[in-house]
Amino acid sequence: IDQLDQLGDLVARIINKHVALQILPEHYPIVGSCLLRAIEEVLGSDIATPQVLAAWGESEVEAALGDAGIVRNRAKIEAAIANARVAADLEAGLEGDLSDLLWSFAPASRPRPVTMADVPAVTPESTALARELKRRGFRFVGPTTAYALMQATGMVDDHIEGCWVPPVGAPGAPAAL
């Protein structure tokens with residue numbers, strides 16, 4: 001449970017810092033659990049935190065390459081480990097705060113797209129974010145992945161104009177998870 005609290009706290013700090021939607025401390029285990037399930041689906045069930053993944057060595061990489069439940073691509077596994085190390089260093093304050101880094105690339109608010117065809121896959125901000133993440137040592141992260149991160153964290157609102165979900169900050173929008 002402590003690891004779920006830690007994961008939930010990390011996600012909450014990234015989201016709460018800049019989004020009207022607030023994740024409350026009592027929901028950290030839920031958020032952590034969701035993040036953990038997503039990580040487990042990609043890399044297997046032995047991963048609990050970036051710190052755990054950052055500590056992986058060759059024996060864990062070899063074991064992962066034999067795990068039919070994940071993408072068995074050495075370069076992607078090694079990139080995930082390297083990315084976890086960079087993220088852990090950022091969170092440890094060695095290179096600044098990960099949340100501040102990510103949110104420094106958030107674009108200005110814009111009108112909601114009218115149709116799904118109006119939703120971009122890449123923006124100048126996501127291109128700049130990907131470039132900065134690569135500069136800091138992250139791998140397998142390009143502008144499309146960076147834009148997906150922006151969508152997932154609420155930096156951009158790509159709900160189409162007629163969507164029932166209210167825009168962040170609008171009357172009726174949820175104030176807390």
Side-chain angles (χ1 to χ4, degrees), residues 1-25 27-61 64 70-71 73-109 121-158 168 177:
I1 296 295
D2 187 45
Q3 287 180 332
L4 296 181
D5 281 336
Q6 290 173 359
L7 283 169
D9 175 61
L10 172 62
V11 171
R13 282 188 292 125
I14 291 170
I15 293 174
N16 290 350
K17 195 168 214 167
H18 301 281
V19 178
L21 175 71
Q22 294 291 303
I23 298 173
L24 304 173
H27 294 117
Y28 289 178
I30 297 166
V31 173
S33 177
C34 291
L35 180 59
L36 180 58
R37 278 197 310 269
I39 291 169
E40 288 174 345
E41 283 186 28
V42 175
L43 293 171
S45 59
D46 294 333
I47 313 296
T49 65
Q51 291 78 11
V52 170
L53 182 57
W56 271 27
E58 186 58 30
S59 63
E60 289 87 358
V61 170
I70 67 167
V71 174
N73 176 306
R74 178 178 287 277
K76 289 185 178 184
I77 293 168
E78 290 175 351
I81 295 165
N83 291 350
R85 289 176 180 153
V86 174
D89 287 347
L90 283 168
E91 280 304 304
L94 302 177
E95 293 288 326
D97 180 72
L98 180 59
S99 175
D100 288 341
L101 171 65
L102 297 175
W103 282 91
S104 71
F105 291 91
S109 182
V122 173
T123 62
E125 294 87 359
S126 71
T127 301
L129 174 58
R131 188 176 307 116
E132 178 61 18
L133 291 172
K134 286 179 184 178
R135 187 188 74 75
R136 290 182 182 252
F138 284 91
R139 295 169 17 198
F140 276 98
V141 59
T144 303
T145 302
Y147 192 73
L149 171 74
M150 292 174 157
Q151 290 172 314
T153 58
M155 287 184 208
V156 296
D157 177 4
D158 281 339
V168 173
L177 176 63

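Heavy-atom basis, side chains included; hydrogens, waters and symmetry copies ignored.
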Notebook entry, point to check: Which residues satisfy the side chain to side chain contact (heavy atoms under 4.5 Å, CB included) test with Leu133, sequence neighbours excluded?
Noted result: Leu101, Leu102, Leu129, Phe138, Val141
Checklist line | Contacts of Ala55 that satisfy side chain to side chain contact (heavy atoms under 4.5 Å, CB included) - sequence neighbours left out | finding: none
Notebook entry, point to check: Of the non-hydrogen atoms in Ser126 and Ala146, which two are nearest, and what is the gap between them?
Noted result: O-CB, 3.4 Å
Check: Excluding sequence neighbours, so at least two apart, what forms salt bridge (charged side-chain N to carboxylate O under 4.0 Å, His left out) with Glu78?
Finding: Arg74
Next item on the list: Locate the shortest heavy-atom distance separating Ala79 from Phe140; write the atom from each residue and the value.
Entry: CB-CD1, 3.3 Å
Check: How far apart are the closest heavy atoms of Arg139 and Ala82, and which atoms are they?
Finding: NH1-CB, 3.6 Å
Note to self: Taking side chain to side chain donor-acceptor pair (under 3.5 Å) as the definition, give me every residue that meets it alongside Asp158, ordered by chain and number, with sequence neighbours left out.
What the structure shows: Arg110, Tyr147, Gln151
Check: Residues in side chain to side chain donor-acceptor pair (under 3.5 Å) with Glu125, at least two apart?
Finding: Thr123
Checklist line | Where Trp56 and Ala64 come nearest, the two heavy atoms and their spacing | finding: CZ3-CB, 3.8 Å
Item checked: Qualifying residues under side chain to side chain contact (heavy atoms under 4.5 Å, CB included), relative to Ala108, sequence neighbours excluded -> none
Note to self: If I take atom CG from residue Leu149 and atom CE from residue Met155, how far apart are they, to the nearest 0.5 angstrom?
What the structure shows: 5.0 Å
Notebook entry, point to check: Can you list the residues that meet the side chain to side chain donor-acceptor pair (under 3.5 Å) rule with Glu132, with sequence neighbours excluded?
Noted result: Arg135, Arg136
Checklist line | From CD (Glu58) to CD1 (Ile81), nearest 0.5 Å | finding: 8.5 Å
Check: What's the shortest heavy-atom distance between Arg85 and Ala54, and which atoms?
Finding: NE-O, 2.6 Å
Checklist line | Nearest heavy atoms of Ala80 and Leu53, plus distance in Å | finding: O-CD2, 3.5 Å
Next item on the list: List for me each residue that meets side chain to side chain contact (heavy atoms under 4.5 Å, CB included) alongside Thr127, sequence neighbours excluded, and say none if there are none.
Entry: Val122, Arg131, Pro143
